[in-house]
Structure formats: structure tokens, C-alpha cells
J.: 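Quick one: the structure is below, and I'll ask about it shortly.
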Amino acid sequence: MNKLWYKGKDVLKEVEDYLASDISFDQALVRYECIASIAHAKMLDKIGILNKNELDRLVKCLNEIIELDKKGRFILTKSDEDVHTKVENYLTEKLGDTGKKIHTYRSRNDQVLVDTRLYNKDKLNELMDEVVCLCKSLLDLSKKHEFTAMPGYTHRQKAMLSSIGLWSSAFIESLLDDLRLVKTSYKLNDQCPLGSAASYGVPKNIDREYTAKLLGFEKVQNNSLYCQNSRGKIEAAILSALSQVMITLGRISADLILFSTQEFGYFKLGDEVSTGSSIMPQKRNPDVPELIKGNVNVVLGYETIVKNAIKDLPSGYNKETQVVKEHTMKALDLTIDSVKMMNLCISTLKVNEEICKKACTPELFAADYAYSLVEKGIPFREAYKKAAKEIDKIKVPDLVDVLKKRNHIGGTGNLGLDRLGKGIEEISGKL
Ligand code: ARG
């Protein structure tokens, strides 16, 4: 396929392949390339570069590409170089001179920015929806087991009485914090770079407000050079938010895996997510949470790749930034899939209340015993020492009573689940 920059000399085939090694990721941008091109064409019509008939033909042809792409019939190959070249070549092939006008006052450099931002917006919306679903599943679990007692651990040693409700709602709060970060990165990404051209604008008063509005961006990204310099910087913010989501998922996974071992037995993962062994017939393996943990590392790796790719670049477009596209896309998909998988784990999770209760052995109440002495007027340090000496005498009290007594904000008796529910609704309404 003709390169847009072809001036009579071909590069080697292997050079062409190397430069377009990410072509499969451009395939996912076809739709966005067309949507952005339609907006650009409308703007060119508005400023008198295209006439109505040319605009109509371009819009029709671009919509045709969107349809072909949906059916898997607009396939990019490495010789196409990238999505921008492929679409422009197609328009020129179909529409002749009209096709040749679409590139007026734009550059592939701002095209790739606008395409990836539109892509990121859709994926971030999908991610936020999935995180909200996971929060709701965790809330159901928290409500069902608000007062199901279980041991709480510090240093991986039994510490104090806890509850399934405290455990699961801790992760809701973590995810809601993560959502705030995702939303902030969404906002940064929601700026329209179209019209910044190669990095230095164009010698015409193009209507950037108009294209930004047509494309549904919150605002125009102002400085044409910063538009380009922010490639990868905005993605780094997205990836850092994704890393936070993955870190939360990894921590949930760690508990799921531990608490469903034979030694603990507090949890049983649903059959839907439990796998077996090809050699040991008895096995029920927690492959899903284990792989989620593995994928936390992968997403953190993508974040590092993107940050490294841009950290020392000179201003303006640089080809190094091409690697930002692939790794951001991979991270978005992997995070969305991991959230979905975690939602499956949580919504099918079985809690063995009996085993949880039995695990609540007397030493968990040593501090409570000391506090009961404090209530009788003994200074805490003395009460602590007395409790230490009398550990063997401590009896397991009524578990639900103990849970309810921790009735300060955020304690097992005052988790604020209704408030959390409202928090989830509120954030999902604003997504
Ligand atoms: N495929 C390119 C990228 O992702 C598109 C921009 C090409 N621009 C250029 N000046 N070579 O970076």
C-alpha cells in the first residue's frame, strides 16, 4: 500500500515490518480514526475547505469503513503502515481528489493522539462500570456476612476478632479510592488534541472547539506542542490508576487463595472459577486469583514501559511514543478482564461460617480482656501485663457481641455499609 510520505524510494520490507510491528493495535483504532475523520471533515466544510458534496461523500465512505470494520472486513496489514495511512488510502481510492483533501490541516501525529484518547475513554468507561459491579458484589457479601466472625491477622499471625463484613467492605473502600484515580486520569485524557497537527499547529484558524465538541471531549487541549508532549504522560496517569486497581485485586486474591487453603478453609471458591489438576484428582485450584496476582505484575510492567518510553524525549512527536499505544491498550484490557474475573470469584464465593467461628480462638480476645480491665480503672499498660499473664484463662466470648461492641466509625459494629452503598451509587451515577 502507498505510504503517504512516498516520494519515489521504498524502504526495505523488513524495515516496513519492524516499523509497523504494532499494526494489530491500530486495527482496534479503525472506528475511532473514522469518527475523528468525520469530525475533521465537518470542520473543513465549516471553514470552507470542503464543499457539502465532498463532505457527504467523505462521511458516507468513513461510515462504510466503520461497518466493514465491524464485520472484520477492513483488515490492516504491516504494509499499510498504520490506521491513518490505510484509511486515507481507502478514501482516495474510493473518492479520488475528495479523498486527497481529508488530510488538510492535520497530521498523523494529532490523529493518533485523538484516536487513542477516544479509545481510552471508551475503555475507561467500561472499566469503571466493571469496578462498580465488583463493588456491588462485595457489598452483597458484606451485608450477608456483616456479623460473621473470623480471625483478623497482623504479621500473618492471629491478632483480633474480625468479620467477613469488615474484610470485604475494606476492598469496597479500596476500589472506590481507585475509581477516583481512574476518574482523574479519565479527565486528563478527556482533552481534544485534534488540530495540534504535527506538534506545531497549522497556518489557518481551524475550529478546534468545533471538532472537540463533535467528538464529545470535555475541552480542547490548548498548547499544540503540549498535545504531543502529553502522549504517554496522560497514558502514564491512566496506567498508574490501573495499577492501583490491579493492586487492590491482587490483595483480594492473596486473601482468597490463603483463606481457601485446606489449612484455613474459611472460603471455598465457586465451581465456576475452580480448576483441577491433570494428575491429582482431588485438586481444586485457585487459578483465577493466582493469575490475577500474576497480572498485577504485568500491568505494573506496562506502566513502567510507558513511563520509560517518554521520560527523556525531546519536545514534539517522536517515534518512541508509538510503544505507548500497545502497552496502554494491553493494560486496559487486562485490567478490565481481571476485574470481571474477580467479580466472578466474589459473587460465587462460599463462606464456611462454622470454620470461621471455630478459628476464633481465645488469644484473639487478649486485648479485649485488657480493655475490660481498663474499664474497671486499671491503667492500660498494667492491664496489658495482667492479660499477658492470664492468657490461658481467657474464654471466647459471644462473637457477635464483640463485633458489635466495636461500634466506632469503621469498626466491625459500624461498617457504614448503607453509606458505602450510597457511595457506590453516587460514583456510578457520575461516571
Ligand atoms: N503509527 C504512528 C504512531 O503511533 C502514527 C504517527 C506517525 N507519525 C509520524 N510522524 N511518523 O506513532
Side-chain angles (χ1 to χ4, degrees), residues 1-7 9-37 39-40 65 69 74-92 102-123 189 192-202 211 221 224-236 238-239 302 305-333:
M1 191 56 91
N2 275 347
K3 303 289 179 291
L4 300 175
W5 42 263
Y6 183 72
K7 290 181 286 290
K9 285 185 186 146
D10 277 320
V11 292
L12 288 174
K13 166 93 174 64
E14 51 268 44
V15 171
E16 185 177 273
D17 286 354
Y18 185 71
L19 292 174
S21 55
D22 66 340
I23 198 72
S24 59
F25 295 89
D26 273 42
Q27 185 70 50
L29 296 178
V30 170
R31 176 185 150 69
Y32 301 101
E33 172 73 12
C34 294
I35 292 171
S37 294
H40 183 66
I65 298 175
D69 178 53
F74 192 82
I75 303 296
L76 308 191
T77 62
K78 285 183 181 164
S79 70
D80 292 317
E81 189 173 19
D82 56 32
V83 64
H84 327 291
T85 305
K86 170 85 174 170
V87 169
E88 184 175 329
N89 279 333
Y90 185 89
L91 293 174
T92 304
I102 187 72
H103 206 60
T104 320
Y105 299 139
R106 73 174 190 184
S107 155
R108 284 184 297 155
N109 299 355
D110 62 340
Q111 281 174 259
V112 69
L113 289 178
V114 73
D115 293 1
T116 48
R117 295 223 180 138
L118 290 169
Y119 178 92
N120 294 343
K121 278 175 59 159
D122 276 356
K123 287 286 176 178
N189 180 79
C192 187
L194 190 59
S196 59
S199 306
Y200 300 96
V202 293
T211 42
Q221 190 175 21
S224 64
L225 181 56
Y226 179 57
C227 287
Q228 202 50 242
N229 290 354
S230 64
R231 185 178 189 190
K233 195 171 147 63
I234 287 177
E235 280 84 349
I238 294 174
L239 285 165
Y302 291 147
I305 291 173
V306 166
K307 287 182 171 167
N308 275 326
I310 58 155
K311 68 181 190 298
D312 51 5
L313 292 180
S315 287
Y317 175 84
N318 298 282
K319 187 73 168 174
E320 286 97 319
T321 55
Q322 185 167 289
V323 304
V324 168
K325 173 176 41 191
E326 166 176 348
H327 295 97
T328 304
M329 286 175 153
K330 283 184 178 168
L332 281 162
D333 278 342

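Numbers for residues simply follow the sequence, beginning at 1. Quick caveat, the model's predicted, so the values are computed rather than measured. Read the numbers this way: they start at 1 and go in the same order the structure lists the ligands and their atoms.
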J.: Which one of H84, Q111, H40 satisfies the side-chain hydrogen bond (donor to acceptor under 3.5 Å, both in side chains) criterion with R106?
T.: Q111
J.: Return the protein residues near ligand 1 (heavy atom under 4.0 Å from any of its atoms), ordered by chain and residue number.
T.: D82, H84, R108, N109, V112, R231, Y317, Q322, K325
J.: Within the 3.5 Å criterion, strictly below it, is a donor on Q322 or D22 matched to an acceptor on the partner's side chain?
T.: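 Indeed, the side chains of Q322 and D22 share at least one donor-acceptor pair under 3.5 Å.
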J.: Give the C-alpha distance, both sets of side-chain angles, the deciding distance and a yes or no for salt bridge (charged side-chain N to carboxylate O under 4.0 Å, His left out) between E88 and R108.
T.: CA-CA 10 Å; E88 184 175 329; R108 284 184 297 155; over 6 Å; no
J.: Assign the ring pair H327 / Y302 to parallel, tilted or perpendicular, where the plane angle (0 to 90°) is split at 30° and 60°.
T.: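 Answer is tilted, since the angle falls between 30° and 60°.
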J.: Judged by modelled atom types alone, do N318 and T321 share a side-chain donor-acceptor pair under 3.5 Å?
T.: no
J.: Between S196 and Q221, is there a side-chain donor-acceptor contact under 3.5 Å, judged purely by atom types and distance?
T.: no
